Amino acid sequence: MKRLLALSALVATGALGLGFAASQMLTSAPAAQAAASVAASAPTITGSIASPASNALPPLPQATAPAAATVVAQAHATLPALPPIQPVGAPAAAGAPQGLPALPGSLLPGGAAPAATAPVFAPAAPVPPPSSYRSMEVDGPYIAITFDDGPNPETTPKLLKILEARNIKATFFMLGTNAAAYPDVVRAVAAGGNEIGNHSWNHPQLPKLTVAAADKQIEDTSAAIEASTGKKPLYVRPPYGAMTPALQQHLVQKYGVTMIFWSVDPLDWKIRDAQSIYDQVMKQVRPGAIILAHDIHATTVAAMPRVLDALIAKGYKFVTVSELIAMNKPGAPKVVAALAPAAPKKKTRPAPKPGAAQAAPSSGARNVNNVNVGLY
């Protein structure tokens, strides 16, 4: 009996479960149908390309890659034309750009601008020559001998004969007053192949004059020399060696002249003795030297044969101031050792002749610009 009751209860429980399951299925059937409908219409996601489930995507067209040469040609076509490169130092053509145009940033990594091109520099302007000289640096035993304050109608022709006998060319710095008074002597100096320079009109200290007065000293003297020779002097020797930087710059710029001073001074204007002149010249002379002397003094002219012969014996060669300037080579090696030794000096000097002038008046000597000067 108990078994029958248990079996009946089990059957009843199963029937109830089946009924509940059936009711649940009936209740969820519409929702399931709706979900199936949505799923059927939703696109299917594959990778990063979305496509409807019902229609498959058509295959993508295959792109044809251009040849490498075509790519290079296309890239060149997009670049601006570059101007021709000028040779170093050549002037740029009119209207030509000063530098290469900037390339588009998109053609460089990260859009960076190209580096600026290096500028092309013109050659440096030539250095102007010095406006004054006292001596030169030469690579040979060359010297220049100069004579001031002439011409003198008595002493200058005698000196010309001494120079001509030794084939020596000198430079004469003439006073305008004497050049105007003795034009024949001026022409004789030039005819001998000698050079003529300007030594002012009447030998003043130029810095003590007004600029206009200094100009007149130079202009009148150059005119007198040019009237006799047909050439205007290129060089000026200031009287007493007196000059200031400002006045020198003015005269050089206005007249295109060069100032010529000296490096050997035998003081022949002061100690008018042939032996003293010889001693001082031989003591001071060096290759490239400019020797100062005065052709208006008889003692100077008398000393010249011995002085010139001794210098020639030592190996020196005489040139004009222009020729010496042309030989100027700053930093040239010294050539003193190549010269012949000087003749031995005498221990005693002969006494001057009675009545001979021993010195110029002391009032004529002054110290100008650290130079012991007199009637230069």
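Here the structure is a predicted model, which means the values were calculated and not measured. When a residue number appears, it is its place in the shown sequence, counting from 1.
A distance-only check finds no donor-acceptor pair linking the side chain of Asn328 to the backbone of Met136 [under 3.5 Å]. Between the side chain of Gln280 and the main chain of Leu267, no donor-acceptor pair closer than 3.5 Å is present. Of the possible polar contacts, one joining the Asn178 side chain to the Asp149 backbone as a donor-acceptor pair under 3.5 Å is found. Listed for the Arg237 side chain is a donor-acceptor partner under 3.5 Å among the backbone atoms of Ile260.
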Atom pairs and distances, donor-acceptor, side-chain atoms in residues 181-190, under 3.5 Å, two or more places apart:
residue: Asp184; atom: OD1; partner: Arg187; partner atom: NH2; Å: 2.5

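With hydrogens and angles left out, the side-chain atoms of Thr156 and Asp295 include a donor and acceptor closer than 3.5 Å.
Separation of atoms NE2 (His199) and CG (Leu175) is listed at 5.5 Å; rounding is to 0.5 Å. Between atom OG of residue Ser200 and atom NZ of residue Lys216 there is a gap of 13.0 Å, rounded to the nearest 0.5 Å. Remark: Arg134 CZ to Leu292 CG distance equals 11.5 Å, nearest 0.5 Å. With values rounded to the nearest 0.5 angstrom, Met327 atom CE is found 15.0 Å from Glu137 atom CD. Between atom CD1 of residue Ile168 and atom CD1 of residue Ile143 there is a gap of 8.0 Å, rounded to the nearest 0.5 Å. The CD atom of Gln249 lies 10.0 Å from the OG1 atom of Thr244; values are rounded to the nearest 0.5 Å.
Looking only at side-chain heavy atoms (C-beta outward), Phe318 and Leu163 stay at 4.5 Å or farther from each other. Residues Tyr316 and Ile291 fail the side-chain proximity criterion, which asks for heavy atoms closer than 4.5 Å. The closest side-chain heavy-atom distance from Gln217 to Asn202 is below 4.5 Å. With a 4.5 Å cut-off on side-chain heavy atoms, Pro151 and Met174 count as touching. Using a 4.5 Å cut-off on side-chain heavy atoms (C-beta onward), Ile145 and Leu308 make contact.
Across Ser135 and Ala289, no two heavy atoms sit closer than the pair CB-CA, 4.4 Å. Closest approach of Leu324 and Gly288 over heavy atoms only: CD2-O, 3.7 Å. The minimum heavy-atom distance linking Ile271 with Ser276 is given by the pair CG2-OG, 3.7 Å. The two residues Val307 and Tyr278 have their closest heavy-atom pair at CG2-CA, 3.7 Å. A pairwise comparison of heavy atoms in Trp201 and Ala180 identifies CH2-CB, 4.0 Å as the closest pair. Of all non-hydrogen atoms in Gly241 and Phe261, the two that sit nearest each other are O-CE2, 3.6 Å.
The side-chain contact (heavy atoms from CB on, under 4.5 Å) check on Lys158 picks up Val301, with sequence neighbours excluded. A search for side chain to side chain donor-acceptor pair (under 3.5 Å) contacts involving Lys232 returns nothing, not counting sequence neighbours. When the side-chain contact (heavy atoms from CB on, under 4.5 Å) test is applied to Thr320, the partners found at least two apart in sequence or on another chain are Lys169, Thr171, Glu195, Ser322, Glu323. Scored by the side-chain contact (heavy atoms from CB on, under 4.5 Å) test, Ala223 finds no partners at all (sequence neighbours excluded). When the side chain to side chain donor-acceptor pair (under 3.5 Å) test is applied to Thr221, no partner is found at least two apart in sequence or on another chain. With sequence neighbours excluded, no residue forms a side chain to side chain donor-acceptor pair (under 3.5 Å) with Thr258. In this structure Asp215 satisfies the side chain to side chain donor-acceptor pair (under 3.5 Å) test together with His250, Lys254, sequence neighbours excluded. Judged as a side-chain contact (heavy atoms from CB on, under 4.5 Å), and not counting sequence neighbours, the contacts of Ile218 are Asn198, Leu206, Ser222, Val236, Leu251, Tyr255. Residues satisfying the salt bridge (Lys or Arg N to Asp or Glu O under 4.0 Å) criterion with Lys231, sequence neighbours excluded, are absent altogether. A search for ring pair (Phe, Tyr, Trp, His ring centres under 6.0 Å) contacts involving Phe172 returns Phe147, not counting sequence neighbours.
Across Thr155, Thr300, Asp268, Thr146, a single residue satisfies side-chain hydrogen bond (donor to acceptor under 3.5 Å, both in side chains) together with His294, and that is Asp268. Of the candidates Gln205, Met259, Gln248, His203, Met259 is the only one forming a side-chain contact (heavy atoms from CB on, under 4.5 Å) with Pro238.
By the rule that hydrophobic residues join a cluster once side-chain heavy atoms approach within less than 4.5 Å of another member, Ile162 and Val281 end up as members of one cluster. Grouping the Ile, Leu, Val, Met, Phe, Trp and Tyr side chains by contacts below 4.5 angstrom, directly or via other members, places Ile225 apart from Ile296. Hydrophobic cluster membership is shared by Leu311 and Leu159, with clusters built from Ile, Leu, Val, Met, Phe, Trp and Tyr side chains linked at under 4.5 angstrom.
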>> Please evaluate residues Tyr235 and Tyr133 with respect to the criterion side-chain contact (heavy atoms from CB on, under 4.5 Å), reporting the C-alpha separation (whole Å), side-chain torsions for both, the decisive distance (0.1 Å), and the verdict.
In response: CA-CA 10 Å; Tyr235 304 106; Tyr133 294 93; over 6 Å; no
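Residue-environment remark: CD (Glu164) stays at or below the threshold of 12 foreign heavy atoms within 6.0 Å.
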